[in-house]
Amino acid sequence: MKSRIKEWIVRSGYTNERLAEELGVSRETVSKWANSKSFPGVKTLWVLAKKFNCKVDELYYALDNEKE
């Protein structure tokens with residue numbers, strides 16, 4: 001799995017700092033999610049999807065579907 005959270009942050013006009021503040025996590029945590037270094041929990045995924053007005057499955061895609 002690879003994160004598309006970075007795309008959604010940019011698309012929605014958020015910054016890592018603002019999103020981190022609203023979620024009550026560190027900017028470093030959001031950065032790790034955006035760069036696929038770690039993954040948010042299920043509850044947080046639902047919150048992110050609501051903030052970005054998307055489906056949870058739109059936040060990630062499988063690596064075998066990734067276009068090089």
Side-chain angles (χ1 to χ4, degrees):
M1 300 284 288
K2 183 163 172 119
S3 175
R4 294 182 67 206
I5 292 174
K6 183 184 265 182
E7 287 177 46
W8 284 101
I9 290 171
V10 171
R11 188 182 294 182
S12 65
Y14 276 93
T15 62
N16 285 6
E17 293 82 7
R18 180 174 156 216
L19 186 59
E21 186 177 305
E22 288 187 15
L23 295 174
V25 300
S26 71
R27 182 190 55 77
E28 291 80 13
T29 296
V30 173
S31 179
K32 287 179 182 179
W33 297 341
N35 293 300
S36 301
K37 303 289 183 195
S38 69
F39 300 96
V42 173
K43 197 173 190 179
T44 304
L45 285 172
W46 284 102
V47 173
L48 289 170
K50 186 173 182 179
K51 285 188 176 298
F52 298 149
N53 195 31
C54 70
K55 297 177 186 176
V56 170
D57 63 346
E58 292 179 277
L59 297 173
Y60 288 93
Y61 59 92
L63 288 176
D64 60 352
N65 291 335
E66 182 178 1
K67 295 179 182 176
E68 300 281 337

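We use all heavy atoms of the structure for the numbers below, so side chains are in, but hydrogens, waters and symmetry mates are not.
At least one side-chain heavy atom of Ile5 sits less than 4.5 Å from a side-chain heavy atom of Pro40. Counting heavy atoms from C-beta on, the side chains of Val56 and Val42 never come closer than 4.5 Å.
A distance of 8.0 Å separates CG of Leu23 from OH of Tyr14, quoted to the nearest 0.5 Å. Separating the OG atom in Ser12 from the CG atom in Asn53 is a distance of 10.0 Å, to the nearest 0.5 Å. Rounding to the nearest 0.5 angstrom, the gap separating the CH2 atom in Trp8 from the SG atom in Cys54 is 4.5 Å. Here the NZ atom belonging to Lys6 is positioned 7.0 Å from the OG atom belonging to Ser31, to the nearest 0.5 angstrom.
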Run the numbers on Glu58 and Phe52 for side chain to side chain contact (heavy atoms under 4.5 Å, CB included), then give the verdict. CA-CA 10 Å; Glu58 292 179 277; Phe52 298 149; over 6 Å; no

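The environment of CG in Asp57 is crowded: more than 12 heavy-atom neighbours from other residues, nucleotides or ligands sit within 6.0 Å.
Ion pairing between a basic and an acidic side chain is recognised when a charged N comes within 4.0 Å of a carboxylate O; Arg18 and Glu21 show no such pairing.
In terms of heavy-atom proximity, Leu45 sits nearest to Leu59 at O-CD1, 3.7 Å. The heavy-atom pair separating Ser36 from Ser3 by the smallest distance is OG-N, 2.8 Å.
The hydrophobic clustering, which links ILVMFWY residues whose side-chain heavy atoms are closer than 4.5 Å, places Leu48 and Val10 apart.
Under the side-chain contact (heavy atoms from CB on, under 4.5 Å) criterion, Glu17 pairs with Thr15, Arg27, sequence neighbours left out. Every residue two or more places apart in sequence or in another chain that forms a salt bridge (Lys or Arg N to Asp or Glu O under 4.0 Å) with Lys51 is listed here: Glu22.
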